[in-house]
Structure formats: C-alpha cells, structure tokens
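Some notes on the structure that comes next.
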Amino acid sequence: MTNDPPPADVDGYASRVLDVVDAIPPGRVMSYGDIAEYLGEGGPRQVGRVMALWGGGVAWWRVIHSDGTPAQGHERRALERYRDEKTPMRSVRDPVRVDMRRARWPD
DNA sequence: GCAATGACTGGTA
DNA sequence: TTACCAGCCATTG
C-alpha cells in the first residue's frame with residue numbers, strides 16, 4: 001500500500017489534542033485550557049496552535065474560549081454548527097456565546 | 001539567545 | 001458588560 005500521508009502524521013501532541021476534540025459529544029464543548037489540562041501537558045496556546053494547523057479534520061467548533069466565545073475568525077461558522085448540534089447557548093442576550101455552565105465537557 | 005507572535009486565561013478596574 | 005494587563009508555552013525570525 002502506498003502509505004498515503006494522512007494529516008494524522010502530525011506530532012504526538014497534536015494527535016492527542018485532535019483525539020480529545022473528536023471525543024467531545026455533540027452539543028458539548030471544551031475550552032483550550034480544559035483540553036491542555038485534560039492532557040496534562042502544554043497550554044491553551046499550544047492547543048490553539050494545533051487547532052489552527054490541523055483542527056480542520058475535527059469538530060473545531062466544539063473548542064472555544066473559557067468565556068464561551070468560539071474560535072477567533074470562525075465565529076460565524078461555529079454559530080451555524082451550534083444551531084445544528086443544539087449546543088446550549090446564552091442566546092437572546094449573547095447569541096454568539098455558548099452557555100459553558102451546561103455545555104462544558106466532561107461534566 | 002532574544003524579541004515578537006498566536007484559534008488563550010484569569011484578575012482587576 | 002468591556003478594557004487592560006501579566007502569565008503562559010511553543011514556534012518563528
């Protein structure tokens with residue numbers, strides 16, 4: 001087989017981050033810092049870097065800031081997903097922000 | 001080796 | 001609520 005080079009040929013750390021993101025169930029979210037803490041290594045900046053480079057292969061919209069705002073530069077795209085996944089939003093007051101109190105995962 | 005940058009976070013005003 | 005700041009860690013010039 002022509003060992004086709006999948007985007008999974010990234011660093012082990014990136015693979016772990018992508019694996020955690022892929023484990024987030026629909027309707028739930030995790031913050032960059034949560035993922036870093038969940039893995040026990042790196043930091044929110046590193047998770048953000050991984051998402052910026054290889055996040056296109058996972059549910060990147062389920063990875064947001066600690067305050068409930070989606071990834072910078074992809075807010076509109078994320079909103080469409082949240083509406084489709086029925087992610088708990090603060091809605092009405094702040095339609096661009098996720099209700100972390102309910103959507104945060106694991107919980 | 002140092003400075004700047006980035007899909008970040010928490011605290012204070 | 002927004003704004004500013006210091007801390008955080010890896011990559012890049």
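In this text, all values refer to a predicted model and were calculated from it rather than measured experimentally. Chain letters run A, B, ... following the sequence lines, proteins first and then strands; every chain starts at 1. Heavy-atom basis, side chains included; hydrogens, waters and symmetry copies ignored.
In terms of phosphate contacts, A/Arg90 brings a side-chain nitrogen or oxygen within less than 4.0 Å of OP1 or OP2 of C/dT1. Dashed line: the shortest gap from a side-chain N or O of A/Arg97 to OP1 or OP2 of C/dT1 is under 4.0 Å.
The aromatic rings of A/Trp105 and A/Tyr38 are tilted relative to each other, their planes meeting at an angle between 30° and 60°.
Looking at A/Val58 and A/Met51, their side chains come closer than 4.5 Å, going by heavy atoms from C-beta outward.
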Going through the distances and angles, do A/Trp61 and A/Arg77 end up as a side-chain contact (heavy atoms from CB on, under 4.5 Å)?
-> CA-CA 8 Å; A/Trp61 57 88; A/Arg77 201 73 107 222; over 6 Å; no
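Applying the 3.5 Å distance criterion, the base of B/dG6 shares no donor-acceptor pair with the side chain of A/Arg49. The base of C/dC9 is not paired with the side chain of A/Arg45 by any donor and acceptor separated by under 3.5 Å.
Residues A/Leu79 and A/Val96 come closest through the heavy atom pair CD1-CA, 4.1 Å. Scanning both residues, A/Thr69 and A/Arg97, for their nearest heavy atoms gives CG2-NE, 3.9 Å.
Atom OH in A/Tyr32 sits roughly 18 Å away from atom P in C/dA10 (whole-Å rounding). Rounded to whole Å, atom P of C/dA3 lies 13 Å from atom CG of A/Asp67. The CH2 atom of A/Trp60 sits 20 Å away from the P atom of B/dG6 (whole-angstrom rounding). What separates CD1 of A/Ile35 from P of C/dC9 is a distance of 17 Å, to the nearest Å. At whole-Å resolution of the value, CD in A/Glu75 and P in B/dA7 are 13 Å apart. In this structure, the NE2 atom of A/His65 is 18 Å from the C1' atom of C/dT1, given to the nearest Å. In this entry the distance linking OH of A/Tyr13 with P of C/dT11 reads 10 Å, nearest Å. If you take CD of A/Gln72 and C1' of B/dG6, they are 11 Å apart, rounded to a whole angstrom.
Among the heavy atoms of the strands, none lies under 4.0 Å from A/Gly73.
With DNA chain B read from its 5' end, the first of the two nearest nucleotides for A/Ser31 and A/Gln46 is the one closest to A/Gln46.
On the P atoms, B/dA7 is 22 Å away from C/dG7, given to the nearest whole Å.
Considering only the side chain of A/Ser66, B/dT9 comes nearest among C/dC9, C/dT1, B/dT9.
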